[in-house]
Amino acid sequence: LIIAGAGTGKTTVIARRIAWLISTKRVHPHELLALTFTEKAAAEMEERVDLLLPYGYLDIPLKTFHAFGDQLLRDHAPSLGLTAQFRVLSGAEQLVFLRQHVFDLPLETFRPLHDPTRFLGALAAVFARAKDEAVGPEEMLAHAEQLAEQANAASGDEALRLQARRMRELAHGYATYQDLLRQADAVDFGDQVLLAIQLLERHPDILAATRQRVRSLLVDEFQDTNFAQFRLLQLLAPPSANITVVADDDQS
């Protein structure tokens, strides 16, 4: 863990470490994985590494978290009920998809009769936040049931009971939304990380093969990771792994 302030050369540290690991033959280029947050940052890191290596850029995986997750999903798509040609919905396409399926979602409170599409943007935001927190529909439903139990224990706390009912509705809507995406052979932006986590957690053979392939893991702007991205890193890098992260704790 390397902590330093803005403009002090954190990305340079990652680029130079990649070049050093390759030039000293500690790892092969394909055994490295460098992760960052934007396509622009990944391209800039690629340029820096290209200048540092004597033979230029050697097909080193320098990716965003979502690009890495996307590749992992395409490599093992059948395990998730998808094809390798699945489509990734943009934010606008996600809203269109929800609008098309608004009456397929098991909603009541969040689908008022006078304006059925009123809460679709808010629903998309809830689903996205859940995925950023690595929460699937099952976990959301379990939380709703826990709230209901708390309401009953608190002599029928009506506010808590209402919260539990709304959470249960959101969980069932979330589960149906995920099922509809699979049927359409599609995923959304958050799925690229969440489904990668679920793939590695539920398939030990895929996890073992991925860990064996990634011998050295490097992460730029580590302070920007959300919980799902951090969980993905935990899966990729067990305690015995070689992982280097750079971060600015003042931006955390």
Side-chain angles (χ1 to χ4, degrees), residues 1-76 88 90-91 131-132 134 187-197 199-200 207 209-252:
L1 170 62
I2 300 167
I3 296 177
T8 55
K10 296 188 297 299
T11 302
T12 299
V13 168
I14 293 290
R16 287 188 174 275
R17 180 165 177 79
I18 291 171
W20 177 77
L21 286 167
I22 293 172
S23 62
T24 57
K25 298 183 179 180
R26 282 169 168 77
V27 294
H28 296 292
H30 66 271
E31 295 174 327
L32 283 161
L33 174 61
L35 295 174
T36 187
F37 288 86
T38 66
E39 295 289 350
K40 180 182 177 182
E44 288 176 356
M45 189 182 297
E46 184 176 312
E47 291 176 4
R48 296 189 191 201
V49 173
D50 184 54
L51 292 172
L52 290 169
L53 288 170
Y55 301 107
Y57 177 62
L58 298 173
D59 196 27
I60 302 163
L62 304 173
K63 299 177 179 288
T64 65
F65 279 89
H66 289 84
F68 171 74
D70 186 85
Q71 187 60 59
L72 195 62
L73 300 186
R74 293 186 191 279
D75 289 343
H76 303 283
V88 181
S90 67
K131 292 175 183 183
D132 285 347
V187 302
D188 63 23
F189 191 62
D191 279 329
Q192 290 179 303
V193 176
L194 177 67
L195 294 182
I197 292 171
L199 182 73
L200 296 177
L207 175 61
T210 305
R211 283 177 170 178
Q212 187 173 10
R213 187 174 76 248
V214 181
R215 289 189 55 205
S216 189
L217 180 63
L218 305 101
V219 184
D220 196 14
E221 303 292 356
F222 178 66
Q223 78 279 348
D224 290 337
T225 50
N226 59 35
F227 183 82
Q229 292 160 342
F230 181 64
R231 178 61 186 146
L232 182 61
L233 292 176
Q234 286 181 309
L235 289 165
L236 292 173
S240 59
N242 188 330
I243 177 169
T244 301
V245 304
V246 297
D248 179 0
D249 55 346
D250 287 336
Q251 296 183 47
S252 179

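These numbers were taken from a predicted model, which means no experiment stands behind them.
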Discussion item. With heavy-atom distances below 4.5 Å as the criterion, would you say the side chains of Lys131 and Val193 are in contact?
Written reply: no
Worksheet, complete the sentence: Looking only at heavy atoms, the pair that brings Phe230 and Thr225 closest together is N-CB, 4.3 Å
Worksheet item: Any salt bridge (Lys or Arg N to Asp or Glu O under 4.0 Å) pairs touching residues 213-236, not counting sequence neighbours?
Response: Glu31-Arg215, Glu201-Arg231
Practice prompt. Compare every heavy atom of Met45 with every heavy atom of Ala34, then report the nearest pair and how far apart it is.
Written response: CB-SD, 3.9 Å
Worksheet item: For Ala4 and Thr8, which heavy atoms make the closest approach, and how far apart are they?
Response: CB-OG1, 3.2 Å
Worksheet item: Considering residues at least two apart in sequence or located in another chain, which fulfil the ring pair (Phe, Tyr, Trp, His ring centres under 6.0 Å) criterion with Phe68?
Response: none
Worksheet item: Taking side chain as C-beta onward, heavy atoms only, is His66 less than 4.5 Å from Gln229?
Response: yes
Worksheet entry | Asp249: side chain to side chain contact (heavy atoms under 4.5 Å, CB included) partners, not counting sequence neighbours | Ile3
Discussion item. If I compare all heavy atoms of Leu232 with all of Ala196, which pair ends up nearest, and what's the gap?
Written reply: CD1-CB, 4.3 Å
Fill in: Passing candidate, side chain to side chain contact (heavy atoms under 4.5 Å, CB included) with Ile18, options Leu52, Val27, Leu62
Leu62
Discussion item. How close do Ala41 and Thr36 get, counting heavy atoms only, and between which atoms?
Written reply: CB-OG1, 3.5 Å
Worksheet item: side chain to side chain contact (heavy atoms under 4.5 Å, CB included) with Asp132: which residues, sequence neighbours excluded?
Response: Asn226
Practice prompt. Please indicate whether Arg74 has more than 12 foreign heavy atoms, meaning atoms of other residues, nucleotides or ligands, lying under 6.0 Å from its CZ.
Written response: yes
Worksheet item: Please walk me through it: do Thr12 and Arg48 pass side chain to side chain donor-acceptor pair (under 3.5 Å)?
Response: CA-CA 8 Å; Thr12 299; Arg48 296 189 191 201; 2.7 Å; yes
Worksheet item: Which heavy-atom pair separates Pro29 from Pro61 by the least distance, and what is that distance?
Response: O-CD, 3.5 Å
Item to complete: Kindly determine whether Ile60 and Leu53 satisfy side-chain contact (heavy atoms from CB on, under 4.5 Å), including the steps that lead there.
Response: CA-CA 11 Å; Ile60 302 163; Leu53 288 170; 3.9 Å; yes
Worksheet entry | Residue Gln212 excluded, over 12 heavy atoms near CD under 6.0 Å | no
Fill in: Which residues share a side-chain hydrogen bond (donor to acceptor under 3.5 Å, both in side chains) with Thr24, sequence neighbours left out
Arg26
Discussion item. With a 4.5 Å cut-off on side-chain heavy atoms, are Asp191 and Asp188 touching?
Written reply: yes
Worksheet item: What residues, two or more places apart in sequence or in another chain, satisfy side chain to side chain contact (heavy atoms under 4.5 Å, CB included) together with Val13?
Response: Ile2, Val246
Discussion item. Run the salt bridge (charged side-chain N to carboxylate O under 4.0 Å, His left out) test against Asp248 and tell me which residues pass, sequence neighbours left out.
Written reply: none
Worksheet item: With sequence neighbours left out, what residues match Thr244 under side-chain hydrogen bond (donor to acceptor under 3.5 Å, both in side chains)?
Response: Arg17
Worksheet item: Taking side chain as C-beta onward, heavy atoms only, is Leu72 less than 4.5 Å from Leu200?
Response: yes
Worksheet entry | Single hit among Leu217, Val219, Ile243 for side chain to side chain contact (heavy atoms under 4.5 Å, CB included) with Leu33 | Leu217
Worksheet, complete the sentence: In this structure, OG of Ser216 is separated from CG of Leu32 (nearest 0.5 Å) by 5.0 Å
Fill in: Residue pairs involving residues 7-28 (criterion ring pair (Phe, Tyr, Trp, His ring centres under 6.0 Å); sequence neighbours excluded)
His28-His30
Discussion item. Would you say CZ of Phe37 has more than 12 non-hydrogen atoms from neighbouring residues, nucleotides or ligands within 6.0 angstrom?
Written reply: yes
Practice prompt. Starting from the C-alpha separation in whole Å, work towards a yes-or-no answer on side-chain contact (heavy atoms from CB on, under 4.5 Å) for Thr11 and Glu44.
Written response: CA-CA 9 Å; Thr11 302; Glu44 288 176 356; over 6 Å; no
Worksheet item: Which residues satisfy the ring pair (Phe, Tyr, Trp, His ring centres under 6.0 Å) test with His76, sequence neighbours excluded?
Response: none
Discussion item. If we ignore hydrogens and angles and just use 3.5 Å, is the side chain of Arg211 paired with the main-chain N or O of Leu235 as donor and acceptor?
Written reply: yes
Item to complete: Would you indicate whether the side-chain heavy atoms of Leu218 and Leu35 approach each other to under 4.5 Å?
Response: no
Worksheet item: Can you name the side-chain hydrogen bond (donor to acceptor under 3.5 Å, both in side chains) partners of Ser90, sequence neighbours left out?
Response: Glu93
Worksheet entry | Any residue meeting side-chain hydrogen bond (donor to acceptor under 3.5 Å, both in side chains) with Glu39, in chain and number order, not counting sequence neighbours | none
